[in-house]
Amino acid sequence: MSETSAERQQTDEAAANAIVVDDHTVNANYANFCRISGTPEEVIIDFGVNMHPTGPSDTPIPLAQRVITNWYTAKRLLYALHVTLERHENVFGTLETDMQKRVQQR
């Protein structure tokens, strides 16, 4: 099956508009906790590791990373996460976020 010239042009345009990133200096952190707050201009997302995710603890959750962005980028992030989670669930099944329900299913 051969590509039409219109399909080739669309492919060429997509390649020309592709965003190139340089991730050789990126730091990766694990997080199982996030806190979201904001101002009229910005969204603030704090990430950390909760050492006691199954219940209350007297130990404060140490935050490892803070991302501050504008509301427009936050909305694009929301959409990208939604699409990504939807694709994952279509392949692997629904993700149950209630830990008690996950434990009962086993």
> Where the side chain of N32 meets the backbone of N50, is there a donor-acceptor pair that is under 3.5 Å apart?
Replying inline: yes
Can you tell me how far the [atom1] atom of [X] sits from the [atom2] atom of [Y], to the nearest 0.5 Å?
X: T73; Y: E42; atom1: OG1; atom2: CD; answer: 11.0 Å
X: H88; Y: L81; atom1: NE2; atom2: CG; answer: 13.0 Å
X: M51; Y: T59; atom1: CE; atom2: OG1; answer: 9.0 Å
X: H82; Y: Y79; atom1: NE2; atom2: OH; answer: 7.5 Å
X: N70; Y: T39; atom1: CG; atom2: OG1; answer: 10.5 Å

> At their closest point, which heavy atom of V67 faces which heavy atom of F47, and how far apart are they?
Replying inline: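 Shortest heavy-atom contact: CG2-CE1, 4.0 Å.
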>> Give me the atom names and distance for the closest heavy-atom approach of I45 to C34.
In response: CG2-CB, 4.5 Å
> Can you find a heavy atom in the side chain of L95 that is under 4.5 Å from one in the side chain of L85?
Replying inline: yes
> So do R35 and I61 actually touch side chain to side chain, heavy atoms under 4.5 Å?
Replying inline: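 Contact flag for I61/R35 side chains = no.
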>> Would you say that more than 12 heavy atoms from the other residues, nucleotides or ligands in this model lie under 6.0 Å from the CG of D22, or not?
In response: yes
> Would T84 and R87 count as having a side-chain donor-acceptor pair, cut-off 3.5 Å?
Replying inline: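 Distance-only check fails for T84 and R87.
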>> Checking side chain to side chain donor-acceptor pair (under 3.5 Å) between Q65 and each of D46, N29, N27, which is the one that passes?
In response: N29
